[in-house]
Amino acid sequence: MSVSNGFFIVNPIEMYSINKDNRIKLKEKLKINANKPFGDEFIRTTDLEMQIIDEYGFEGIQLIFEPENSANYFLLGQFPNDCPWITYNDKSIDEFISLNFLAIRDKIPQLISTMQKKCRFIYAEKQGQKWYLHYWLISELYDRRNYYCIYTGGSPQTNLKENGSLVKFKWTLPSDLQEFYSIHNGFGEVNGRNCILNHEQIKVMGEIMNPICQEQNITPEGYSFNDLLEFFPDGAGNAQCFLRKDNKHYQTVDWDHETWEISEEQSFYEFVDEWLSQIDEE
């Protein structure tokens with residue numbers, strides 16, 4: 001058994017399988033009791049999740065995510081033949097991260113370093129005919145307890161064409177985004193926040209905001225919604241967007257949903273490296 005970042009990770013050789021009776025008991029204990037204070041239950045269940053993963057490793061992850069297709073999770077080293085990342089089956093976690101992001105590694109050094117420091121498990125998931133890759137990262141909650149976050153990446157895609165929204169507003173897919181999609185078609189926390197949207201999800205903001213502008217008879221200052229391409233929502237209504245000035249050079253800006261103001265420009269990789277490196281809660 002080895003120690004990392006203040007909690008135990010069991011060596012896969014030493015792991016004990018979760019027997020049927022214990023599995024039933026643990027699944028029951030993981031349920032939130034609605035009759036008790038939510039804060040207390042949150043602490044209890046998150047601590048229990050970490051205890052399960054400490055003791056059972058990847059099998060513990062599969063237990064926790066059993067309602068979410070975990071029967072189709074495959075740990076690095078056990079990727080099946082049709083998995084897009086099978087060529088990395090013999091690599092360590094550090095090697096996998098370095099090699100998988102090799103083409104852009106120098107553009108996101110902080111993110112690579114953070115992931116290599118905090119990643120404890122890499123596992124692939126098959127959903128129908130689609131594959132996704134999960135990076136299980138140790139994180140620190142706001143109350144300084146150890147917990148985890150999971151960055152998920154879609155299968156690599158090359159030579160992508162503009163989706164319907166981009167075609168409608170005469171956009172060219174930004175080259176930085178196209179390069180990133182060749183590694184992961186979408187990447188980050190897959191809960192609608194802190195993630196680079198995949199190729200099908202990105203959309204020009206004019207699609208939603210133009211009707212609102214027309215209805216309220218107002219327009220934003222200094223830009224057009226037709227020139228904002230949302231690719232990174234924050235889950236609270238704001239979004240990082242590409243700002244179109246011509247069809248060759250795109251920078252990104254933060255759009256505020258309350259004021260409709262946009263921030264100063266920032267390159268795509270500078271934003272990604274800065275934002276996705278923030279694993280721990282403040």
Residues two or more places apart in sequence or in another chain: which of them pass salt bridge (charged side-chain N to carboxylate O under 4.0 Å, His left out) with [X]?
| X | answer |
| --- | --- |
| Lys31 | Glu28 |
| Asp280 | Lys118 |
| Glu265 | Lys245 |

State which residues pass side-chain contact (heavy atoms from CB on, under 4.5 Å) with [X]; sequence neighbours excluded, sorted by chain then number.
| X | result |
| --- | --- |
| Glu162 | Leu166, Val167, Thr172, Leu173 |
| Thr87 | none |
| Arg105 | Ser98, Leu102, Ile112 |
| Ser224 | Asn226, Asp227 |

For [X], give me all partners under side chain to side chain donor-acceptor pair (under 3.5 Å), at least two apart in sequence or on another chain.
| X | answer |
| --- | --- |
| Lys27 | Glu66 |
| Arg44 | Glu41 |
| Glu207 | Ser165 |
| Ser92 | Glu95 |

Using modelled atom types only, decide if a donor and an acceptor are shared between the side chain of Ser182 and the backbone of Thr158 within a distance under 3.5 Å.
-> no
Phe169 and Gly206 have their tightest heavy-atom pair at CZ-C, 3.7 Å
Below 3.5 Å, can you tabulate the donor-acceptor pairs from side chains in residues 71-82 to any protein atom, sequence neighbours excluded?
unit_1 : atom_1 : unit_2 : atom_2 : d
Asn72  : ND2    : Asn69  : OD1    : 2.8
Asp82  : OD2    : Lys126 : NZ     : 2.6

